[in-house]
Structures are given as C-alpha cells and as structure tokens.
Amino acid sequence: MGTSTKPAKGMRDLLPRQMLGRERVIETVKSVYRSFGFEPLETPACERLEVLLGKYGEEGDQLVFKIMHRGEKVERALASGTAAENDVADMALRYDLTVPLARVVAEYQHELPKYFKRYQIQPVWRADRPQKGRFREFYQCDVDVVGSTSLTVEVEVASAVATVLERLGFLDFSIRLNHRKLLFGLIESAGIPATLEGSALVAIDKLDKIGVDGVRKELSGRGVDGLAIDRLVQMLALIEAPQDAMLDRLLDAVVGSDAGRVGVEELRTLVRYAAGTPAGRYFRVDPFLARGLSYYTGPIFEVAVADLAGSLGGGGRYDNLVGMFLGRPIPACGFSLGLERILVVMEERGMLGSNETVADVMVAVWDEASIADSIALAGELRAAGLRVDLFPDLEKVGKQMKYADGRGYPVVAIVGPDERAAGLVTLKTLATGEQRQVPRVDAGKAIVRG
RNA sequence: GCGGGCAUAGCUCAGCUGGUUAGAGCGCCUGACUGUGGAUCAGGAGGUCACCGGUUCAAACCCGGUUGCCCGCCCCA
C-alpha cells in the first residue's frame with residue numbers, strides 16, 4: 001500500500017507498443033551481424049567486482065553498479081564501522097559487454113576459434129544520471145573480433161555497424177575515426193607529461209564544444225604548463241583540412257613520436273581499406289575524438305547523427321584488455337551500438353511504423369452454444385497461417401467489434417447460430433465496414449495475411 | 001558529482017494579484033441503434049491539486065523540506 005509502482009530510477013518497463021519496434025531493430029541487427037560471420041554470445045548480468053574495476057578509467061569505475069555482499073558478510077563489513085564501498089560489495093552489474101567478452105576469451109581460450117567473432121545483444125547498467133537517450137539500464141549491440149591485429153577487422157566491424165544503420169533507414173550518420181596512438185603522439189609532441197595524458201585527452205575531445213579558449217582553460221586547470229598548451233593548441237589549429245591534407249599535417253605534427261607516426265599510418269591504411277565498403281562512405285577522420293574508456297589502444301570510432309548530442313555507438317581496438325586477465329596480450333577490436341539511442345532517434349524521426357497490429361483476424365464469441373466453434377475456427381485459421389486472436393468473454397458483439405478496432409485488427413470473424421446452421425463464417429473488414437459470408441472451410445483463404 | 005525547470009482527471013493542459021461546490025479537450029462508461037466498431041446526439045463516472053510541514057480568517061496558488069520526472073554540465077551507448 002502506497003508503494004510506488006514506477007520502475008526504478010533510470011530503468012523502464014517496455015510495453016508491447018515499444019517492444020514491437022524494439023524487436024524489429026534487434027532482428028535487423030542480428031541478421032546483419034550474422035551475415036558478417038559473427039556468432040552469438042551471452043554472459044551473466046553480474047561480474048566479480050575485480051573483473052570490472054580498473055578497466056573503464058576513473059569516471060567509469062564510479063558508475064559501476066555494485067552489489068552488496070549477502071548474509072553475514074555484509075553484517076561483518078558494516079559492523080567494522082569503517083567499511084569502504086568495496087568492502088561491502090564483491091559483485092557488480094556489467095558496465096559494458098566488452099570486458100565480459102575479454103573475461104570469456106581468457107577463460108575459454110583453448111575452446112574458441114583462432115579468430116573469435118561474436119555478437120552480443122544484452123543490457124548493461126551504469127549508475128549514471130538519466131537524461132535524454134541515457135538510462136541506467138540499456139541495451140548494447142556489440143560485435144567484436146578477437147585474435148587479429150589486422151586493420152581488416154576494424155573495417156569489418158565498422159561495415160557491420162554501417163550496414164545495420166543503413167538497413168534501419170539511417171542515411172545521414174558519420175563514423176568519426178581517430179587513433180589512440182595519434183592522440184598520444186600529439187600529446188607527447190606537445191611536451192605534456194604522460195601522467196597528464198588522460199586530462200589532455202578529455203580536453204582535446206571537447207574542442208568542438210568549448211573551442212580553443214575552452215581547451216586552454218581546461219588544460220591549465222588540470223595542471224598542464226602554458227608552453228605545452230601553446231604547442232598543443234598550435235598543432236590542433238593546423239589540423240583542420242580536407243582528409244588527405246589533414247593526415248599529412250598530422251604526420252608532420254607527430255614526427256618526433258613513434259606512436260604518433262604509427263597512428264597516422266594506420267588511419268591512412270584504414271581509409272584505404274574501407275574504400276568501397278559500407279563503412280567507407282561514412283568514415284570521417286576526426287583527430288579530436290578521444291573516447292573515455294581507458295582500454296582502447298588503436299583506432300577508435302564513434303557514430304554520430306546531427307540530432308542527438310550523444311553517439312549512437314562507439315568502439316575501437318583494445319589489444320591489452322584480454323591480457324589483463326591472461327597475462328599475455330590478445331588483440332581485439334569491436335563496435336557497440338546503443339539500442340535505446342537508435343530507438344530515440346528513430347522515434348523522433350517517425351522511422352518506426354506506428355500502428356502495427358499483432359493479429360490478422362479476431363474471432364468473436366457469440367453464445368455458450370457456439371463458443372466451441374469459435375475456438376475451433378480460431379485453430380483452423382491459425383493452421384491456415386494467420387495470426388488469430390480469440391475474444392475471451394461473452395460480451396455484446398458491439399463491444400467485441402470495438403475491442404478489435406481499438407487493437408487494430410483488420411478483420412473480425414463470427415460463427416453465430418445462423419452461420420453454424422449454414423456452415424458459414426461471417427467476415428467483417430473493419431476499415432471499410434464491408435461484411436460477407438464464406439464457407440467455413442474457405443475462411444482462411446478469404447482473409448489476407450497482414 | 002554540479003547547475004536549472006516542472007509536478008492539477010487515464011492523457012494533454014487551463015486555473016488572474018491566495019477568496020465559496022477545481023475546469024476544458026481527448027479518452028473511458030451507459031443509452032438512442034439494427035446479430036456489429038468508427039459518425040451524430042443524450043447522459044455518466046473519474047481529482048486528499050506529488051508528499052510532509054509552515055504562514056493566513058482562508059492555500060492548487062505564498063514559504064521550507066522530501067520524493068519523482070525533465071533539461072543542461074561532467075561522462076557516455
């Protein structure tokens with residue numbers, strides 16, 4: 001009594017109206033991922049806390065949904081009086097699907113193929129503040145390839161994602177493309193110490209939002225000295241140019257850095273490999289893309305559309321993550337699409353068919369004497385390949401019609417006393433109001449499947 | 001974690017500077033109406049104005065707190 005029936009903060013109930021559009025999108029994602037040779041995987045909602053912590057950076061670790069010890073262990077931890085968060089928790093809800101994949105690869109390394117290509121569509125949880133297109137529980141649709149350092153992998157995962165979006169009806173997205181090694185190269189070349197690398201990444205990422213002056217403030221606020229800031233800003237200013245020229249200038253900027261040179265060369269190769277693929281049309285090299293997750297080591301991507309502040313998805317190469325569990329490095333690269341983000345945009349743009357109905361025909365019930373015939377008719381129509389709903393209660397026919405109309409059912413079938421006597425079925429098409437009688441054996445054929 | 005806005009019927013919202021029984025549209029229910037939905041008409045139900053406390057003769061309206069939702073920032077899908 002008085003208990004709120006709202007779902008928990010940042011989490012949602014998905015009613016049939018939403019589920020129908022959602023399932024269509026998921027089906028598209030699955031079929032495209034499969035067409036690229038990816039295999040399905042699922043992992044548990046929870047992971048051991050130490051599996052998740054330390055993989056996402058400081059911000060990420062704070063957003064991990066922790067799960068308390070059960071039973072006596074909590075009591076003991078709390079009784080100590082000085083319990084820190086990690087003393088009362090030993091598990092957590094997964095924060096993404098990439099780290100669980102890395103754990104699975106480490107655990108089953110000998111059973112998995114040389115190249116493990118998996119897709120995974122499951123919810124993840126983040127203890128974030130909800131916002132437009134941002135929830136505490138949301139689905140990610142991941143594709144990853146484990147076991148190869150080749151840039152063909154980047155092109156494949158990006159092409160899979162681009163194909164999904166095209167198939168859903170998106171034509172105006174871009175895949176921003178950058179390289180962690182290039183970013184390190186720029187930061188190194190500017191003379192920013194390695195300890196401030198993370199701060200510098202964040203600042204660079206914000207350039208298009210807060211401008212050059214904003215970046216300066218951000219950097220000095222984080223303790224980068226003025227000379228280094230000048231050098232970095234100077235480099236960034238030079239970079240704006242058409243793609244090929246931009247890459248040339250980037251190469252000049254990082255000439256003293258081995259990592260930087262590798263980054264630029266790999267970007268060049270990626271662009272060349274991607275020409276003529278679904279991904280190639282949407283690639284846009286963007287030296288300011290940073291991405292917060294700390295496990296990326298090579299190329300990074302992010303899918304952007306104009307009408308959403310956040311991204312529809314992101315990904316990149318993470319050659320050291322599996323190694324954090326195994327002790328020896330295993331290369332990997334993948335891409336993640338945010339299901340809710342996609343749905344938010346599709347809904348706003350009216351890309352989701354609105355009045356989908358779940359049955360082609362509803363069988364009405366007339367009276368107790370004919371109800372068995374109604375049930376049988378429903379079965380016959382289903383056997384004929386139709387989707388059929390049977391009205392459950394003996395209500396007035398008008399009510400039954402109204403219900404069918406409200407549910408969007410195109411046809412109502414009736415077997416009352418008259419029809420039973422004549423071996424007929426009455427079919428009413430609700431859109432036009434037309435009504436006709438057909439022999440019961442022909443009823444299935446007479447109704448067009450929607 | 002920081003900043004801002006909102007909270008009145010199932011839904012979308014009115015409700016003037018505090019002043020009698022809190023309104024509209026849509027939806028819902030009943031009937032006119034036939035073995036039957038939509039259109040029209042006639043009726044009807046439905047609100048502790050988010051919650052708690054304060055100011056006042058009087059609070060949906062003013063003040064404080066709580067909760068929830070939304071929008072920015074940070075970060076992200």
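None of these values were measured; they are calculated from a predicted model.
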Using the C1' atom as the reference point in each nucleotide, state the distance between rG23(B) and rU8(B) in Å, no decimals. 10 Å

Judged by each residue's nearest nucleotide on RNA chain B, which is more toward the 5′ side, Gln131(A) or Leu339(A)? Gln131(A)

At a heavy-atom distance below 4.0 Å, what parts of residues 163-173 of chain A sit against RNA chain B? none

Just checking Gly133(A): base, sugar-phosphate only, or nothing, at a heavy-atom cut-off of under 4.0 Å? base

Check whether NZ of the Lys or CZ of the Arg Arg22(A) lies under 6.0 Å from the centre of the six-membered ring of Tyr139(A) and within 45 degrees of that ring's axis. yes

Take the protein atom NZ of Lys132(A) and the nucleotide atom C1' of rG4(B), then report the distance between them rounded to whole Å. 18 Å

Rounded distance in Å between the P positions of rA7(B) and rC63(B): 13 Å

So what does Gly433(A) hit on the nucleic acid, given a heavy-atom distance under 4.0 Å: a base, only sugar-phosphate, or nothing? base

rG46(B) and rC11(B): how far apart are their C1' atoms, nearest whole angstrom? 13 Å

Once you round it to whole Å, what is the distance between P of rG37(B) and CD of Glu395(A)? 14 Å

Nearest-Å distance, CZ (Arg407(A)) to P (rG37(B))? 20 Å

Please work out if Ala431(A) contacts a base, only the sugar-phosphate, or nothing of the nucleic acid, heavy-atom cut-off 4.0 Å. base

I need the residues from residues 26-42 of chain A with at least one non-hydrogen atom less than 4.0 Å from RNA chain B; give them sorted by number, or say none. none

What I want to find out is whether Asp144(A) reaches Arg118(A) closely enough, with some N-O distance under 4.0 Å, to be called a salt bridge. yes

Determine yes or no for a side-chain-to-main-chain donor-acceptor pair under 3.5 angstrom, with Arg126(A) supplying the side chain and Arg136(A) the backbone. no

Rounded to the nearest angstrom, tell me the gap between atom NZ in Lys428(A) and atom P in rU34(B). 14 Å

Determine the interatomic distance between C1' on rC57(B) and the same-named atom on rC51(B); round to the nearest Å. 26 Å

Decide yes or no, distance alone: a donor-acceptor N/O pair under 3.5 angstrom between the base of rG38(B) and the side-chain of Lys402(A). no

How is Gly310(A) classified with respect to the nucleic acid when contacts are heavy atoms under 4.0 Å: base, sugar-phosphate, or nothing? base

Do Tyr119(A) and Phe38(A) have their ring centres less than 6.0 Å from each other? no

Separation between the C1' atoms of rA24(B) and rG18(B), rounded to whole Å: 23 Å

Is atom CZ of Arg48(A) surrounded by more than 12 heavy atoms (other residues, nucleotides or ligands) closer than 6.0 Å? no

Determine the interplanar angle of the Tyr95(A) and Tyr56(A) rings, folded into 0 to 90°, and report it as parallel if under 30°, tilted if 30 to 60°, perpendicular if over 60°. tilted

Between CD of Glu59(A) and P of rA77(B) the distance, given in whole Å, is 13 Å

Each base of RNA chain B marked ( ) or [ ] if paired in-strand (Watson-Crick or G-U under 3.5 Å), | if paired to another strand and . if unpaired gives (((((((..((((.....[...)))).(((((.......))))).....(((((..]....))))))))))))....

Expressed as a whole number of angstroms, how long is the span from Arg126(A):CZ to rC75(B):P? 14 Å

Presence of salt bridge, Glu47(A) and Lys55(A), under 4.0 angstrom: no

Nearest whole Å is fine: how far is rC75(B) C1' from Arg136(A) CZ? 14 Å

Rounded to the Å, how far apart are Met11(A) CE and rC69(B) P? 11 Å

Which sits closer to the 5' end of RNA chain B, Arg129(A) or Val415(A), going by the nucleotide each is nearest to? Arg129(A)

If the C1' atom of rU20(B) is compared with that of rA58(B), how far apart are they to the nearest Å? 11 Å

Can Tyr403(A) be called stacked on rG37(B) when the rule is centres closer than 5.5 Å and an angle between planes below 30°? no

Rounding to the closest angstrom, what is the interatomic distance between rU30(B) and rC73(B) at atom P? 50 Å

Look at all strands and tell whether Glu419(A) reaches a base, only sugar-phosphate, or nothing, counting heavy atoms closer than 4.0 Å. base

rC69(B) and rG27(B): how far apart are their P atoms, nearest whole angstrom? 30 Å

Base, sugar-phosphate or nothing for Ile414(A)? Non-hydrogen atoms, less than 4.0 Å. base

